[in-house]
Asker: 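First the structure, then my questions, so here it is.
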Amino acid sequence: MSFYVLRGRVQNVMCRQTLMRAADRRGLTAGATNEPGGEVTLTLEGEEAQVSELVDAVRSGKPLNSWGAQVVEMVQVSEGREIAEHQVHSGNVDQIKWNPNVEMFI
């Protein structure tokens, strides 16, 4: 498992949903949480090459979706939440009502 803190335009722009879909497309298990300070924490688990591909896409600085989610800093940290402890994770993402009017770019 790897743990990250994401900073930038990451809350109220469908960032967590976008990250979950991007992880799923790469065969990864993931979890993401909006933190009180405006950051998003992210946990990823799966094949190293697929994790690296997603991390590279997020770190590219390009918008993640049509709502303007954009990461300006993504820092790997040594500790974080287990996937199921996140607000949104691979196990519950389809149970949450999301706005369908978002195009995901990653």
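Along the sequence shown, residues carry numbers from 1.
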Asker: Quick one: are Arg16 and Asn34 in side-chain contact, heavy atoms under 4.5 Å?
Answerer: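 Yes. Closest side-chain heavy atoms under 4.5 Å.
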Asker: To the nearest 0.5 Å, how far apart are CG in Leu64 and CD in Gln17?
Answerer: 12.5 Å
Asker: Using the salt bridge (charged side-chain N to carboxylate O under 4.0 Å, His left out) criterion, which residues pair with Glu73? Sequence neighbours excluded.
Answerer: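 Only Arg7 meet the salt bridge (charged side-chain N to carboxylate O under 4.0 Å, His left out) criterion with Glu73.
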Asker: Would you name the heavy atoms of Val51 and Tyr4 that are closest together and state the gap between them?
Answerer: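 Heavy-atom minimum between the residues: CG1-OH, 3.8 Å.
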Asker: Under a 4.5 Å cut-off applied to non-hydrogen side-chain atoms, are Lys62 and Val71 in contact?
Answerer: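 Counting from C-beta outward, Lys62 and Val71 never come under 4.5 Å.
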Asker: Going by side chain to side chain contact (heavy atoms under 4.5 Å, CB included), name the residues that satisfy it together with Glu103, two or more places apart in sequence or in a different chain.
Answerer: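 Testing Glu103 for side chain to side chain contact (heavy atoms under 4.5 Å, CB included), a comparison that skips the adjacent residues, returns Ser66, Phe105.
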Asker: So, Gln76 side chain and Ser2 main chain: donor-acceptor pair closer than 3.5 Å or not?
Answerer: no
Asker: Any chance you could measure Glu53, atom CD, to Ile106, atom CD1, to the nearest 0.5 Å?
Answerer: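 Glu53 atom CD to Ile106 atom CD1 measures 10.0 Å (nearest 0.5 Å).
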Asker: Any carboxylate oxygen within less than 4.0 angstrom of a Lys/Arg side-chain nitrogen, looking at Arg81 and Glu35?
Answerer: yes
Asker: Which atoms form the tightest heavy-atom contact between Ala32 and Leu19, and what is the distance?
Answerer: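 Heavy-atom minimum between the residues: CB-CD1, 4.5 Å.
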Asker: Without swapping roles, check the side chain of Thr18 against the backbone of Met104 for a donor-acceptor pair under 3.5 Å.
Answerer: no
Asker: Is there a donor-acceptor contact under 3.5 Å from the side chain of His86 to the main chain of Val88?
Answerer: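 Judged by distance alone, no pair lies under 3.5 Å.
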Asker: Let me see the working for Met20 and Leu42 under side chain to side chain contact (heavy atoms under 4.5 Å, CB included), right down to the final yes or no.
Answerer: CA-CA 10 Å; Met20 293 305 99; Leu42 174 67; 4.2 Å; yes
Asker: From Ser52 OG over to Arg26 CZ, what is the distance, rounded to the nearest 0.5 angstrom?
Answerer: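 It is 11.0 Å, given to the nearest 0.5 Å.
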Asker: Starting from Phe3 and following side-chain heavy-atom contacts under 4.5 Å between hydrophobic residues (I, L, V, M, F, W, Y), which residues can be reached?
Answerer: Met1, Val5, Val75, Val77, Ile83
Asker: Where do Ser60 and Ala57 come nearest, in terms of heavy atoms and distance?
Answerer: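 Residues Ser60 and Ala57, closest heavy atoms: OG-O, 2.9 Å.
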Asker: Any chance CG of Asp56 has more than 12 other-residue heavy atoms, nucleotides or ligands included, within less than 6.0 Å?
Answerer: yes
Asker: Ignoring hydrogens and angles, tell me if any N or O in the side chain of Thr33 forms a donor-acceptor pair with the backbone of Gln87 under 3.5 Å.
Answerer: yes
Asker: Is the side chain of Arg59 donor-acceptor paired with the backbone N or O of Met74 at a distance under 3.5 Å, no angle test?
Answerer: yes
Asker: Output yes when a side-chain donor or acceptor of Trp98 lies under 3.5 Å from a complementary backbone atom of Val93, and no otherwise.
Answerer: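 Present.
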Asker: Tell me the closest heavy-atom pair linking Ala23 and Ala30, and the distance in Å.
Answerer: CB-CB, 3.6 Å
Asker: Test your reading of the model: is there a side-chain donor-acceptor pair from Gln50 to the backbone of Glu47, 3.5 Å cut-off?
Answerer: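 It does not hold such a pair.
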Asker: Verify, without hydrogens or angle tests, whether Asn65 (side chain) and Gly68 (backbone) share a donor-acceptor contact under 3.5 angstrom.
Answerer: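 Side chain of Asn65 to backbone of Gly68, a donor-acceptor pair under 3.5 Å: yes, one is there.
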